[in-house]
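These notes are about the structure you will find just below.
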Amino acid sequence: MSKEITSREKDYSQWYNDLVIKAGLADYSAVRGCMIIKPYGFALWENMRDQLDKRFKETGHQNAYFPLFIPKSFLSKEAAHVEGFAKECAVVTHYRLKNDENGNGIVVDPEAKLEEELIIRPTSETIIWNTYKSWIQSYRDLPLLINQWANVVRWEMRTRLFLRTTEFLWQEGHTAHATSQEAIDETVQMLNVYAEFAEEYMALPVVKGVKSINERFAGAVDTYCIEALMQDGKALQAGTSHFLGQNFAKAFDVKFSDKENKLEYVWATSWGVSTRLIGALIMAHSDDDGLVLPPKLAPIQVVIIPVFKGADQKALVDEKVNVIVNDFKALGISVKYDDDDSRRPGWKFAEYEMKGVPVRIAIGMRDIENNIAEVARRDDKTKQSVSLDGIANTVKVLLEEIQINIYSKAKKFRNEHITQAETWDEFVSLLDGKGGFISAHWDGTSETEEKIKELTKATIRCIPLDNNKEDGKCILTGKPSRERVLFARAY
RNA sequence: CGGGGCGUAGCGUAGCCCGGUUAUCGCGCCACAUUUGGGAUGUGGAGGUCGCAAGUUCGAAUCUUGCCGCCCCGACCA
């Protein structure tokens, strides 16, 4: 074995790093905290992006692009927003380099200091709302439904491939509406788009909920989120959708004339998911042999591996496989025929398992004689002999089955890891033992949430949208509570 | 920024404590042959500013000092 993966049991974070590197999703880069997304990883992102983009357009949004740089003064216009992001902003102060007079190579030219420094966007609310001011005058200009695919920079102290990098790729939707209700509806609609995408395509079960004040986006009135559970029992925020109220409209003075010719501030939303989803995908499904990718997002859905001795046999196998490859293509299935003779079949088997390809087909002379092929599925590692007649259709059905199986497995795990806690001791021992979401009563105060975080490192992941009202006592303070919230240690 | 670990060929490493011929081993790479149904085997070969700089010494991968970088744990966060 040339590419050993650390087992999950031995070291979960090392397992994760090994997978990302060895499956060829990404590489470390020369810049600390920044990663290189390699072709295989980017293909995965493209599949996610294309699917989300389609859903955004179906719900009436248009793509646009705003600048990478934001004038420093913009950021400070919304008080909570600046406070939330100030600590992690990269700042451009100069616009020119020159050769050092003492021969120390190239240096920043002190003469070329910017009049107003530029922030590299950590998110684009400010530059966008500055723009919306000039785009919106009348109720006829609303709603304004814009999305952008972009990179952003947040100067995090500690980074992890895909999960938290200094620069990352994402999409950010920014919408403007005439009424509060319309904006709230938009916020919830996009949350549902995310949730459906996560469950249907990523095979990732999520809890839809609202964030507590502590966890809310800087500048939002309400932050909605989808929360997923990873195999190590830690939660991961997979997407957020914010109801921004009139905060940014007021900060950037964006008003519109309504039908009665009254000037009103507009209502706003913003929503985003990032390349972090790739991290979620990996940690939710994969195993000690490598990635397990859901068929709907896998860059390669089916790999075909020939087994032969000599050129004569290879020619026979090629002939058979070429027909099958065309059948797959006709069905819109992404298929790779790996006839590279410098690798032996066993090596390829392990390699494509590492890469999480959902279905592997092996075809040799023995199979051709019997008109069959060996079909192996990545999710449960089982193999079966399948007739070559109509094999593309057989595998198409199998891919659908795999998609469902991966989701069911993740959902079962998730459901088994939502546990109710009634006492503080129970709460703590659940966190330290079983992990996962803990459903518990909370008195609703930031102080208590803060205290719990300090004592246990667990945070309130969300208040589920479909929560039952249930009177109880706060897990920490014993004060009265009207409903349970979900706690977890999180990424 | 604190605490811990590390830097030797593309990757992973031995050697360092106790300085001394040509820097160890595995994987990978190149050539050829035999191979090909779960990470092939043999033979031959290429590949190194031992993180950087200064110092000690006849002599430094090894000792001293300074610097740089990376990883893990924490504080911060999607």
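As a basis for the values below, the full set of heavy atoms in this structure was taken, side chains included, without hydrogen atoms, waters or symmetry mates. Here is how names work: the chains are called A, B, and so on, in the same order as the sequence lines, proteins then strands, and each is numbered from 1. In this text the structure is predicted, and so the values were computed from the model without any measurement.
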Tell me, which stems hold RNA chain B, with a stem being 3 or more Watson-Crick or G-U pairs in a row and both distances under 3.5 Å? B:1-7 with B:68-74, B:10-12 with B:25-27, B:29-34 with B:40-45, B:51-55 with B:63-67
For a quick check of understanding: with a heavy-atom distance under 4.0 Å over all strands, which category does A:Arg343 fall into, base, sugar-phosphate or nothing? sugar-phosphate
Atom pairs, protein N/O to nucleotides 6-10 of chain B N/O, distance under 3.5 Å:
none

Please pick, from B:C77, B:G39, B:A78, the nucleotide with the shortest atom-to-atom distance to any side-chain atom of A:Lys453. B:C77
How many Å lie between CD on A:Gln14 and P on B:C72, as a whole number? 7 Å
Counting only side-chain heavy atoms from C-beta out, which of B:U36, B:G74, B:C76 sits nearest to A:Phe308? B:U36
Restricting both atoms to N or O, compile the protein contacts to nucleotides 31-34 of chain B shorter than 3.5 Å, with distance only.
none

Pairs satisfying ring pair (Phe, Tyr, Trp, His ring centres under 6.0 Å), at least one member in residues 199-222 of chain A, at least two apart: A:His81-A:Phe217, A:Phe85-A:Phe217, A:Phe197-A:Tyr201, A:Phe217-A:His242
Measure from the side-chain heavy atoms of A:Lys457 and tell me the nearest of B:U36, B:A78, B:A75. B:A75
Residue A:Arg276, side-chain heavy atoms: nucleotide from B:A78, B:G38, B:C77 that is nearest: B:A78
Collect all protein-nucleotide pairs involving nucleotides 40-46 of chain B in which both atoms are nitrogen or oxygen and the distance is under 3.5 Å.
residue	atom	partner	partner atom	Å
B:A40	OP2	A:Arg344	NH1	2.4
B:A40	O4'	A:Arg344	NH1	3.1
B:A40	N9	A:Arg344	NE	3.4

Out of B:G39, B:U36, B:A78, which nucleotide sits closest to the side chain of A:Glu351? B:G39
Taking the six-membered ring of A:Trp347, is NZ or CZ of A:Arg344 closer than 6.0 Å to its centre and within 45° of its axis? no
From B:C29, B:G39, B:G37, nucleotide with atom closest to A:Ala350 side chain: B:G39
Which whole-number value in Å describes the distance from A:Asp340 CG to B:U36 P? 17 Å
Taken to the nearest whole Å, CG/A:Asp288 to P/B:G39 is 19 Å
What's the NZ-P distance between A:Lys320 and B:G37, to the nearest Å? 22 Å
Is any side-chain N or O of A:Lys309 closer than 4.0 Å to OP1 or OP2 of B:U36? yes
Nearest-nucleotide 5' precedence on RNA chain B, A:Arg160 against A:Met157: A:Arg160
Looking for any heavy atom pair under 4.0 Å, which part of the strands does A:Phe168 touch: base, sugar-phosphate only, or nothing? base
Students often get this wrong, so: under 4.0 angstrom with heavy atoms, is A:Thr165 touching a base, only sugar-phosphate, or nothing? base
Please list residues of residues 367-376 of chain A whose heavy atoms come under 4.0 Å from any atom in RNA chain B, ordered by number; otherwise none. A:Asp367, A:Glu374
Do A:Thr269 and A:Trp271 have side-chain N/O donor and acceptor atoms under 3.5 Å apart? yes
Of B:C77, B:G38, B:U36, the nucleotide closest to the side chain of A:Asp341 is B:U36
Which part of the nucleic acid, if any, lies within contact of A:Ser13, taking any heavy atom under 4.0 Å across all strands shown: a base, the sugar-phosphate backbone alone, or nothing? sugar-phosphate
